[in-house]
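Because only heavy atoms are used, hydrogens play no part in the values below, and waters and symmetry mates are left out as well, while side chains stay in. Chain letters run A, B, ... following the sequence lines, proteins first, then strands; residues in each count from 1.
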There are 2 protein chains.
Amino acid sequence: MGERYLKSIRLLAECMQGYERLSGEYVRRSGLTHAQFDIIATLGNTPGMSYKELGDKTLITKGTLTGVIERLEQKGLVERQRNDCDKRSFFVRLTPEGERTFCTVFPEVIAHSGKMFAAYTDDDFARLEKTLSELKTVIMAGQTEPAPSRRDCD
Amino acid sequence: MGERYLKSIRLLAECMQGYERLSGEYVRRSGLTHAQFDIIATLGNTPGMSYKELGDKTLITKGTLTGVIERLEQKGLVERQRNDCDKRSFFVRLTPEGERTFCTVFPEVIAHSGKMFAAYTDDDFARLEKTLSELKTVIMAGQTEPAPSRRDCD
DNA sequence: TATTGTTATACTCTATAACTATA
DNA sequence: TATAGTTATAGAGTATAACAATA
């Protein structure tokens, strides 16, 4: 009965789906698959990261990740480098062309989103950010506790 | 620059991903794929709908949908029936076993979500619902205008 | 002529598990 | 022993386009 959260969850799912429908158009036009774009978007504006970290952030399991990264490497969008500190590990980052792709595809979605939000005031944004931040906190707390990763080496 | 919405979009994406990570666990345990669960969840609590409508709601294209529905039919979770009114069209609905699956898997996700929201007050929910509703409105308005579907026949 | 759903193709993703190499 | 990434396998989803039947 008191399942008040049902409505919120449904709304969240609807927002998700609507947003995916929207961004999906641009992603497909870019010639990237969903998984590939996910990687590009995750690596964008970062110095790069390990497979492990990338897998954790994108929900792509390591076995799949090898293939996805391979295809992106063939397209010249990402590059890998052995981690000097832990020789089992790779460091993956966008190539300049990968950056370019990120900077082309991402803003197309962003620009479209911008139009959507045309009527939002600063206050509206502030409320949206606050609400989503709280929601994110709650959702992240619900995850199976993440093993605290060691950071001895960077 | 004035790209205030960037932060909101990132937050929304993070909420989406967090929620998918969470619900994905239960979905996989049920032996359903993501697409299959999407169908089950969409058909749940409805009298059924056509392939067309189902495809629109789940973002699964018609070619793929044929295969997904086929597998669900083999599992005995959905059934199809010719639409008397438009003989090109099928009507898809959950079987009793499909309903049972829906009623088993869905609540597991829901229950977990419920724990997440334990600390939410009525006011918190009210604000969350309001904010998400507005967001949904904005997102849906951003979609390429949906062709108004004819409903002469049901 | 347009729409609903099917079929076919080629590719990509997915889960899973066994494996190599480093730690 | 545990972890990072690879490989292998089998199945499922994906985009796309040509096709049949019906509207």
Enquirer: Rounding to an integer number of Å, can you tell me how far H34(B) NE2 sits from dT12(C) P?
Expert: 21 Å
Enquirer: In this structure, how many angstroms lie between the C1' atom of dT3(D) and the CD atom of E53(A), rounded?
Expert: 15 Å
Enquirer: May I ask you to evaluate whether S89(B) reaches the phosphate of dG5(C), defined as a side-chain N or O under 4.0 Å from OP1 or OP2?
Expert: yes
Enquirer: Let me know the distance between NZ of K62(A) and P of dA4(D), rounded to the nearest Å.
Expert: 8 Å
Enquirer: Would you say a side-chain N or O of Y51(A) is under 4.0 Å from OP1 or OP2 of dT3(D)?
Expert: no
Enquirer: Whole Å only: how far is the CG atom of L54(A) from the P atom of dG5(D)?
Expert: 9 Å
Enquirer: Using a cut-off of less than 4.0 Å, is there contact between a side-chain N or O of T61(B) and OP1 or OP2 of dA15(D)?
Expert: yes
Enquirer: Identify which nucleotide among dG5(C), dA23(C), dA15(D) has an atom closest to any side-chain atom of R88(A), counting heavy atoms from C-beta outward.
Expert: dA23(C)
Enquirer: Give G67(A) one of three labels, base, sugar-phosphate or nothing, depending on what nucleic acid heavy atoms sit under 4.0 Å from its own.
Expert: nothing
Enquirer: Quick one, K75(B) and E97(B) - any side-chain contact, counting heavy atoms below 4.5 Å?
Expert: no
Enquirer: State, with a plain yes or no, whether a side-chain heavy atom of L32(A) is found less than 4.5 Å away from one of L77(A).
Expert: yes
Enquirer: Between R28(A) and T66(A), who's closer to the 5' end of DNA chain D by nearest nucleotide?
Expert: T66(A)
Enquirer: Let's go through D38(A) and Q17(B) carefully: what are the C-alpha distance in whole Å and the side-chain angles of both, what is the deciding distance for side chain to side chain contact (heavy atoms under 4.5 Å, CB included) to 0.1 Å, and is it a yes or a no?
Expert: CA-CA 11 Å; D38(A) 207 0; Q17(B) 200 149 64; 3.8 Å; yes
Enquirer: Roughly, in whole Å, what's the span from CG in D56(B) to P in dG5(C)?
Expert: 10 Å
Enquirer: In whole Å, I'd like the distance from the CD atom of Q36(A) to the C1' atom of dT14(C).
Expert: 15 Å
Enquirer: Of all of residues 39-49 of chain A, which get a heavy atom below 4.0 angstrom from DNA chain D, listed by number?
Expert: none
Enquirer: Distance check needed: dC11(C) P versus K75(A) NZ, whole Å only.
Expert: 13 Å
Enquirer: So what does T33(A) touch, heavy atoms closer than 4.0 Å: a base, only the sugar-phosphate, or nothing?
Expert: sugar-phosphate
Enquirer: Give a yes or no on whether the ring-centroid distance for F117(A) and F125(A) is below 6.0 angstrom.
Expert: yes
Enquirer: Are D123(A) and R127(A) within salt-bridge range, i.e. N to O under 4.0 Å?
Expert: no
Enquirer: Between I60(B) and K87(B), who's closer to the 5' end of DNA chain D by nearest nucleotide?
Expert: I60(B)
Enquirer: Can you give me the closest heavy-atom contact between E14(B) and M140(A), atom names plus distance?
Expert: O-CE, 3.6 Å
Enquirer: Write down the distance between CZ (R82(A)) and P (dT20(C)), rounded to a whole number of angstrom.
Expert: 16 Å
Enquirer: With a 4.5 Å cut-off on side-chain heavy atoms, are I9(A) and Y19(B) touching?
Expert: yes
Enquirer: With heavy atoms under 4.0 Å as the rule, sort R80(A) into base, sugar-phosphate or nothing.
Expert: sugar-phosphate
